[in-house]
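To keep things clear, I will list the structure first and then write my remarks on it.
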Amino acid sequence: MQQNIVGEDCGFSSENLRFLLFGPRLGDEKSTISWVTDLMWNGVKTLSQQIDGFEKLPADMEENSARFLEWFQSFNPETERLPGAWRELDKYPFKKLMVVRVLRPDRITAALTSFIREILPKGKDFIECDSELNNFQILEQAFEDSSPTIPLYFILSPGADIVSDVDKLAVKKGKYKGVDYHNISLGQGQDKIAIEKLDMGNRQGHWVFLNNVHLMPKFLNVVERKIEEYSTSAQGTHPGFRIMFSSDPSQSIPVSILDRCIKLSSDPPSGLKANLKQAFACFSRETYEELESRTKGILFGLCQFHAVMIERKKFGSKGYNMMYPFSLGDLVNSASVLRNYMESAPAKVPWADLRYLFGEIMYGGHIVNDLDRLLANTYLDFFMKDELLDEMPLYPYLDATAASSSSVEIFKAPNTNFSYDLVVEHIDEELKTETPLAFGLHPNAEIGFRTQTSEELLRVILELSASSASAEGGGGEVQDNQQVAEAIIQDVLEILRDVKFDIESVASGLDEVGPFQNVILQECERMNSLVGEIVRSLVELDLGFKGDLTVSDAMEELANSLYLDRVPTRWEGLAYPSMRSLSSWLTDLQSRVNQLNDWVGNPLDTPMVTWISGLFNPQSFLTAVMQTTAQAQSLELDKLTLLTEVTKKMASEEFSAAAKDGTYISGLYLEGGSWNMVHGVLEMSKPREMFVPLPIIHIRPSVMDKLDNNTYLCPVYKTQRRGPTYVFSLQLKSKFDPGKWTLAGVVSIMDIL
């Protein structure tokens, strides 16, 4: 596109590209079509207003709702024709991408893949690349392109086995490990050995494989000088000499080394089936056949657990709060523990002991987040039980309704009397489809994962295109960037220039500063710091654009962030956690300022319903609720906990008085589940229902008590990133075992996109 290879005949233009990359801006229009969410409808309206040719799209969707729904629900909408006159967009595939962008963002990656394959010259070669070759064949091809001064560089990923392929290639080329093929893992004191082997290899034509070079990045500068020295020396270099590097992805690797090398990356097995097969293949036929039948069944359950733990990572924050380096070594070590433990086990399998060993020690040794540890133990509670030895279905907590609606064949544990080969055949034939149900997740999780992947792809393209424009210097594109930034500056300054809370005036008007008053003063102080920095930096940038100030690096970074619709780093440091784009973030900031203004107007009274998502530090507000109760009832603060009750009211206007005990809060959404307003219980999400607003919640402090068996402790996070943004947990009533919701990744989010 930058080289004008793609023209207007396919619907491409700079305006269309900008819309595709940035996406629609958030609006406040409500959808008029039942199956179209407000977010999608605002995207359609924005598309009709900003891009020529789409003016009639909203009206046509309203008139032909059923036909558009049929396109929307298709598995591959990017390849299906749109209804009515919009079928003509197949002649202009780039324009069709924009419709996919607003209605089916989860299919953008697939749609772009199709666009590149069909439209770009030799696009098929870019997409398929070396897809028909296995890892070893790719290595062979890369080796042929290498030379004594062009090393191979392997970028490692978890689960990938590079060394075995290199060993295999060495044998094929007549190189022998320790003789003329040297494999060195870098670490303390290994640099001297590496230099010796490099010098020897240069003279005698050896291979030198330097592993884990990210541990000694400065040493690579020495290696690079050595390569230059070899290539310019009078003696020359042996034609059989080869250098290979391997490292984890790292920012510390010298760019000059990367530029010189042929870079190879090998992804680990993808998909539950591939991971399960790899896990089971860790054990030889002889080892497996020696086991008694119970141990065989448990070993397969352990392999399934391992595959699920590995593959769940692909769901990102929905999978885990943190990423963990689970490996085949954990599985092999767990199997050794299992074998030793079962040799002296009684007739009844000691499931509790095995669950503890696997969940708290072998795999649990990696896990540092309590909620992730609960997740692992919940999986083990499901897999490690007597039913596993009786061909148990291996999809956790799958009820009949979900099974029938998903039309997925359920994978079951193999018969414990199966031979090794029959188990492998069982995996191949019975595990037919990849589905989130295998992880205990709702099918919507796949949509969320694909949408997140697509958004990340577009974000990277946007940043690369902006960097490319800056590197070229000048030009109309850079001028456009400045115009966009200047417009944003004026809009933001008009709204925020006069925002400042008089903290001293508020404090002086208080006879006594209680817990809630402390919260409001702290919130005002943080808001002043944030708004002050926003105004200061924008005024400074405006002066830079006018030529009154020299434009610094910080100002250039700010201008770039404004153009990219991204919250500037300096602002983020003073703000609250958020994943919003800049335009959406500024709208949200205004709402937070409005809530503070209302509270400052009457600081002695807590709001009847507090929009807790609009606070910098919601934890301090919850602490204030407990402190107030502890003081009023003469209770010990450390013995109190927050009890939550979901009301049947959605709007604060429905309340005529404040809560007698505790307070009411709003602004929470459910992700991964739905809320039944009639029965007041947690239930399964509806198809394509990613988030559900929770009714207003009554929170009240109480002395710690035991939870009901069907009460799910639902974690509350500030953003969809989860992890470090944890705030507290809600108690949500349910008709199902709480473990079902734990594996489904059901959480409450304060700030959704």
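For Glu144, the side chain to side chain donor-acceptor pair (under 3.5 Å) test picks out Lys173, with sequence neighbours left out. Annotation: side chain to side chain donor-acceptor pair (under 3.5 Å) contacts of Arg285 (sequence neighbours excluded): Asp421. Annotation: side-chain contact (heavy atoms from CB on, under 4.5 Å) contacts of Val163 (sequence neighbours excluded): Asp161, Asp167, Asn183, Phe209, Asn211. In this view, Lys273 and Lys277, Ile427, Asp428, Leu431, Glu434 satisfy the side-chain contact (heavy atoms from CB on, under 4.5 Å) rule, not counting sequence neighbours. Checked against side chain to side chain donor-acceptor pair (under 3.5 Å), Asp199 has the following partners two or more places apart in sequence or in another chain: Lys226, Tyr230. Legend: residues meeting salt bridge (Lys or Arg N to Asp or Glu O under 4.0 Å) with Glu196, ordered by chain and number and at least two apart, are absent. For Lys432, the salt bridge (Lys or Arg N to Asp or Glu O under 4.0 Å) partners at least two apart in sequence or on another chain are Glu409. For Ser74, there are no side chain to side chain donor-acceptor pair (under 3.5 Å) partners, not counting sequence neighbours. For Arg459, the salt bridge (Lys or Arg N to Asp or Glu O under 4.0 Å) partners are Glu456, Glu463, not counting sequence neighbours. Looking at residues two or more places apart in sequence or on another chain, you find a salt bridge (Lys or Arg N to Asp or Glu O under 4.0 Å) between Glu228 and Arg260.
For the residue pair Ser454/Thr451, the side-chain donor-acceptor check at 3.5 Å is not satisfied. No donor-acceptor contact under 3.5 angstrom links the side chains of Asn369 and Tyr726, judged on distance only.
For the residue pair Leu302 and Ala335, the shortest heavy atom distance occurs at CD2-N, 3.9 Å.
Judged by distance alone, with hydrogens and angles left aside, the side-chain atoms of Asp330 form a donor-acceptor pair with the main-chain N or O of Ser327 at under 3.5 Å. Here the side chain of Lys263 pairs a donor or acceptor atom with the backbone of Leu258 at under 3.5 angstrom. In this structure, Ser114 contributes its side chain and Ala111 its backbone to no donor-acceptor pair below 3.5 Å. At distances below 3.5 Å, at least one donor-acceptor pair connects side-chain atoms of Asp372 with backbone N or O atoms of Met322.
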Indicate every side-chain donor-acceptor pair of residues 212-222 with a distance under 3.5 Å to a residue at least two apart or in another chain.
unit_1, atom_1, unit_2, atom_2, d
His214, ND1, Asp248, N, 3.1
His214, NE2, Asp248, OD2, 3.4

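Each salt bridge (charged side-chain N to carboxylate O under 4.0 Å, His left out) pair with one or both residues in residues 104-122, not counting sequence neighbours, appears once here: Glu78-Arg107, Arg104-Asp106, Asp106-Arg688.
Here the rule is ring-ring contact (aromatic ring centres under 6.0 Å, His included) with His366, and of Tyr320, Tyr324, Phe326 only Phe326 fits it.
At least one cation-pi condition fails for Arg101 and Phe19: the charged atom is not both under 6.0 angstrom from the six-membered ring centre and inside a 45 degree cone around its axis.
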